[in-house]
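Accompanying notes for the structure given below.
Just so you know, these numbers come straight off a predicted model, no measurement behind them.
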Amino acid sequence: FKNNTPKNGIVDRVQIVKYPVNTGYIEPHQHNVLHQRLIISVYMSKQGVDYKNGGTYFLDKNKNKINSEINIDAGDVGIFYASMIHGVDPVSIFTNQSISKSGRWWCGLYSPETDHLENRKTSNPAEI
């Protein structure tokens, strides 16, 4: 897909995100596995250092949240199967941190279908 443009339907994408403090989150969801089986995340900050809490979690078979970012260092790469139910909790910072200089930074590598396709296959909210 590396030479595709949006009109081709599927494109490689690099997404870099700084999650807004106290408001940035993603509801529990799972990705369509038609074109991409694995989700690749590059973590560019560390929980407990760059932000207080929040970030990526997975749901276990009993629908309990498992916080994965407590064990992740800045620079780590996470890879997981796209159909695993996951989400992002709102990020909070320590009271002595500046909002402009701290927070959760994340990079995702994807090959999604574009808006140019009719009946585009996207992530689905998870039933919990």
Closest heavy-atom pair and its distance - [X], [Y]:
| X | Y | result |
| --- | --- | --- |
| Tyr57 | Pro28 | OH-CG, 3.3 Å |
| Ile72 | Lys46 | O-NZ, 3.1 Å |
| Ile93 | Ser102 | CG2-OG, 3.6 Å |
| Ser83 | Gln30 | O-NE2, 2.7 Å |
| Tyr51 | Ser45 | CE2-OG, 3.6 Å |

Inset, instruction - Answer yes or no: does atom CZ of Phe94 have more than 12 heavy-atom neighbours from other residues, nucleotides or ligands under 6.0 Å? - result: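 Result for CZ/Phe94: enclosed.
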Inset, instruction - For Asn62, look at atom CG and say whether over 12 heavy atoms of other residues, nucleotides or ligands are found less than 6.0 Å away. - result: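 Count over threshold, so yes.
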From [atom1] ([X]) to [atom2] ([Y]), nearest 0.5 Å:
| X | Y | atom1 | atom2 | value |
| --- | --- | --- | --- | --- |
| Asn67 | Asn53 | CG | CG | 8.5 Å |
| Gln47 | Ile70 | CD | CD1 | 4.0 Å |
| Asn32 | Arg37 | CG | CZ | 9.0 Å |
| Ile66 | Ile85 | CD1 | CD1 | 11.5 Å |
| Thr95 | Lys52 | OG1 | NZ | 7.5 Å |
| Ile16 | Met44 | CD1 | CE | 5.0 Å |

Inset, instruction - Would you check if the distance from the ring center of Phe80 to the ring center of His86 is below 6.0 Å? - result: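 Ring centroids of Phe80 and His86 are less than 6.0 Å from each other.
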Using the rule that two of Ile, Leu, Val, Met, Phe, Trp, Tyr join whenever any of their side-chain heavy atoms come within less than 4.5 Å, decide whether [X] and [Y] are in one cluster.
| X | Y | result |
| --- | --- | --- |
| Tyr25 | Met84 | no |
| Leu34 | Tyr110 | no |
| Val91 | Val17 | yes |

Legend entry - Ion pair Glu69/Arg104, N-O distance below 4.0 Å: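 The answer is yes: the pair qualifies as a salt bridge.
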Inset, instruction - May I ask you to say whether Asp60 pairs ionically with Lys65, meaning some side-chain N is under 4.0 Å from a carboxylate O? - result: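 Looking at Lys65 together with Asp60, the answer is no, because their closest N to O distance does not fall below 4.0 Å.
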Student check: side-chain heavy atoms of [X] and [Y] closer than 4.5 Å:
| X | Y | result |
| --- | --- | --- |
| Ile39 | Ile79 | no |
| Val88 | Tyr19 | yes |
| Val33 | Tyr81 | yes |

Inset, instruction - Evaluate the criterion side chain to side chain contact (heavy atoms under 4.5 Å, CB included) for residue pair Cys107 and Val14; output intermediate values, then yes/no. - result: CA-CA 7 Å; Cys107 175; Val14 175; 3.8 Å; yes
Inset, instruction - If the plane angle is over 60° it's perpendicular, under 30° parallel, otherwise tilted; pick one for His31 and His29. - result: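 Plane angle over 60°, so perpendicular.
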Inset, instruction - Assess the side chains of Asn22 and Ser92: does a donor N or O sit below 3.5 Å from an acceptor N or O? - result: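 Ser92 and Asn22 do not have a side-chain donor-acceptor pair below 3.5 Å.
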Is there a donor-acceptor contact under 3.5 Å from the side chain of [X] to the main chain of [Y]?
| X | Y | answer |
| --- | --- | --- |
| Ser68 | Thr56 | yes |
| Gln97 | Val49 | yes |
| Lys18 | Gly103 | no |

